[in-house]
K.L.:
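Quick one: structure below, then a few questions.
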Amino acid sequence: MEKLKLKIKKLLRVLGPGVIIGAADDDPSGIATYSQTGAQFGYGLLWTAVFMLPFQAGVQEACARIGAVTGKGIAAVVKQHYSKKILYAVVLLVLVANTINIGANIGAMAAAAGLIVPINLAVLALIFTASMLSLEIFTSYKVYSRILKWLCLSLLAYPITVFIVTQPWGTLLKATFIPHIELNFQFLFIITAVLGTTISPYMFFWQASEETEEERLAHLLVRNDKPRISWGFIRNLRIDNFIGMLFSEIGTWSIIVVTATVLNANGFTDIKTAADAAKALEPLVSTFPNAGYLAKVIFAVGIIGLGFLSVPILAGSAAYAFTEAFNLNEGLNLKLKKAHGFYGVIIVATLIGLVINFIGINPIKSLIFAAVINGVVAVPLIFIIASISRNEKIMGQYKSGLISNLLVLLTFLGMGLAVIGMLLAFR
């Protein structure tokens, strides 16, 4: 028993940026996209959760390894080894995609909270924005990362609901491992959204930069910020990364199953509001008199919790990219007065995201469009990540091996084909 406790404690110490980013991956945009997927196509896209896991883990492992080996974020590495045109293109793509995503997530948090409290959505959006900015600016990284880890628990509502509802397990098993593909715009649009919200640009930049933050906390950065790491460090990084991505895909699979069983099977195929999405969780509380209201509460807590987790990560990853590109002080380990540019980007990106919610866009639909934008933006960024991670000059002995190279390049090709197919189908 003591040995088991020691192993669990050792595993918990290993968990860090990978688990945080894995949970943040199922952010409000992810929940909305997977919910619409299950409602619209039933179990038809359930296979994506299993098929995406190795590719998502492969890309994130490459990003984490880049940060750990170089002691720098991705934008800083691009700046050092590539042309300014590529650097500015990378930063611009991340800033645009993340800001749109921030806006969509803040809107979803307000809409979800509006299900349980009679407060104007604009006021709720302002409250959430102020709260998240305060946490990210005035909380130390050590405390903030601990808060992020606890917010990861918000996702548990969906896996629990899977086992409460009577499921056609034979159909689920078949749909999980046998791909179903349709060559029409609606299908290709939603699969691009699923890929984009699962393998997202902000995750690339955040995880690479957070590995350097972890190294600073562990005093592994020596002269010139060159990390002092070993293969044991890389092994722990990979364990953390894989557990995080597995956690993410379990969440994805569960959300699609629940919405397919509860909504699609009952003829509900289009999610237009937060209340529509919350209906998927009604079986979780069906034994209570006010099941509908309790479902809304659970849904709102999940959306808000994961919003608090993901919006700061979206803003933070944009800030890392911008400040690394322009050689400004960066890092959540620094106070506001020592990193004006870093926190300035966080504030501006979050406030622009907030403003997006005042132009009359449906919060739930905007989440899905944000996911599609992520899917498009991710394609060129994955190509650059593949190039960096296999470059011996940059990565030394820790450059990508055959399996890592293959996973990242196949991800690039798969997402590229999905985007091209969507655009051709739209025409």
Side-chain angles (χ1 to χ4, degrees), residues 26 28-50 104 107-108 111-112 114-116 155 157-194 197-198 251-300 302-303 361-372 422 425-426:
D26 289 327
S29 177
I31 292 174
T33 301
Y34 305 140
S35 296
Q36 181 58 41
T37 300
Q40 187 173 356
F41 294 98
Y43 306 121
L45 278 165
L46 201 55
W47 58 274
T48 57
V50 172
L115 296 176
I116 55 175
L155 264 178
Y158 289 95
I160 292 170
T161 309
V162 168
F163 293 98
I164 288 176
V165 180
T166 301
Q167 302 288 359
W169 289 104
T171 302
L172 289 187
L173 191 64
K174 182 180 177 182
T176 299
F177 294 101
I178 300 176
H180 166 79
I181 296 174
E182 298 175 20
L183 298 178
N184 56 64
F185 176 73
Q186 289 77 14
F187 185 89
L188 293 169
F189 178 85
I190 206 70
I191 202 169
T192 301
V194 168
T197 199
T198 304
T252 299
W253 186 87
S254 301
I255 294 168
I256 295 175
V257 168
V258 167
T259 50
T261 301
V262 178
L263 301 181
N264 178 271
N266 291 297
F268 199 104
T269 60
D270 187 23
I271 294 175
K272 296 178 180 177
T273 66
D276 292 341
K279 291 179 185 294
L281 291 175
E282 287 187 3
L284 183 63
V285 290
S286 58
T287 55
F288 295 91
N290 297 313
Y293 181 75
L294 286 174
K296 290 176 183 177
V297 171
I298 294 170
F299 174 80
I303 288 286
I361 299 175
N362 179 294
I364 297 300
K365 296 301 180 185
S366 69
L367 291 171
I368 300 171
F369 279 106
V372 173
M422 177 188 69
F426 179 72

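Numbers for residues simply follow the sequence, beginning at 1.
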K.L.:
Quick one: closest heavy-atom pair of Pro283 and Ile164, and the distance?
P.N.:
O-CG2, 3.4 Å

K.L.:
What closest approach, in Å, do Ala280 and Thr161 show between heavy atoms, and which atom pair accounts for it?
P.N.:
O-CG2, 4.0 Å

K.L.:
What is the distance from atom CD1 of Ile368 to atom OG1 of Thr192, rounded to the nearest 0.5 Å?
P.N.:
13.0 Å

K.L.:
Test of understanding: with salt bridge (charged side-chain N to carboxylate O under 4.0 Å, His left out), list the residues that count as partners of Lys365, not counting sequence neighbours.
P.N.:
Asp270

K.L.:
Kindly write out the residues that satisfy side chain to side chain donor-acceptor pair (under 3.5 Å) with Thr269, not counting sequence neighbours, or none if the list is empty.
P.N.:
none

K.L.:
Between OG1 of Thr37 and CD1 of Ile190, what distance do you get to the nearest 0.5 Å?
P.N.:
4.0 Å

K.L.:
Does some side-chain heavy atom of Phe41 sit less than 4.5 Å from a side-chain heavy atom of Ile191?
P.N.:
no

K.L.:
Rounded to the nearest 0.5 Å, how far apart are CG of Asn264 and OG1 of Thr259?
P.N.:
8.0 Å

K.L.:
I need the Leu46 CG to Thr252 OG1 distance, nearest 0.5 Å.
P.N.:
10.0 Å

K.L.:
What residues form a side-chain contact (heavy atoms from CB on, under 4.5 Å) with Val162, not counting sequence neighbours?
P.N.:
Gln167, Trp169, Trp253, Ser254, Val257, Val258

K.L.:
Looking at every heavy atom in both Leu115 and Ala278, which two are closest together, and how far apart are they?
P.N.:
CD1-CB, 4.3 Å

K.L.:
Step through it carefully: locate the ring centre of Phe189, locate the ring centre of Phe369, and say whether they are under 6.0 Å apart.
P.N.:
yes

K.L.:
What are the two closest non-hydrogen atoms of Ala112 and Ala300, and how far apart are they?
P.N.:
O-CB, 3.3 Å

K.L.:
Side-chain contact, heavy-atom cut-off 4.5 Å: Val262 with Leu281?
P.N.:
no

K.L.:
Return the CG to CD distance between Leu263 and Gln36, rounded to the nearest 0.5 Å.
P.N.:
9.5 Å

K.L.:
Are Thr48 and Thr198 close enough that some pair of their side-chain heavy atoms sits under 4.5 Å apart?
P.N.:
no

K.L.:
Taking all non-hydrogen atoms of both residues into account, name the closest pair between Val372 and Ala193 and its distance.
P.N.:
CG2-CB, 3.6 Å

K.L.:
How far apart are the C-alpha atoms of Tyr34 and Thr197, what are their side-chain angles, what is the distance that settles it, and do they pass the side chain to side chain donor-acceptor pair (under 3.5 Å) test?
P.N.:
CA-CA 9 Å; Tyr34 305 140; Thr197 199; 4.8 Å; no

K.L.:
I'd like to know if the side chain of Ser29 reaches the main chain of Leu367, judged simply by a donor and an acceptor atom lying under 3.5 Å from each other, with no hydrogens or angles considered.
P.N.:
yes

K.L.:
Quick check for you: to the nearest 0.5 Å, what is the distance between Tyr158 atom OH and Ile256 atom CD1?
P.N.:
12.0 Å

K.L.:
Please lay out, stage by stage, how Phe187 and Leu45 fare under the test side-chain contact (heavy atoms from CB on, under 4.5 Å).
P.N.:
CA-CA 9 Å; Phe187 185 89; Leu45 278 165; 3.6 Å; yes

K.L.:
I need the minimum non-hydrogen distance between Ala104 and Ala370, along with the two atoms involved.
P.N.:
CB-CB, 4.2 Å

K.L.:
Would Thr176 and Tyr43 count as having a side-chain donor-acceptor pair, cut-off 3.5 Å?
P.N.:
no

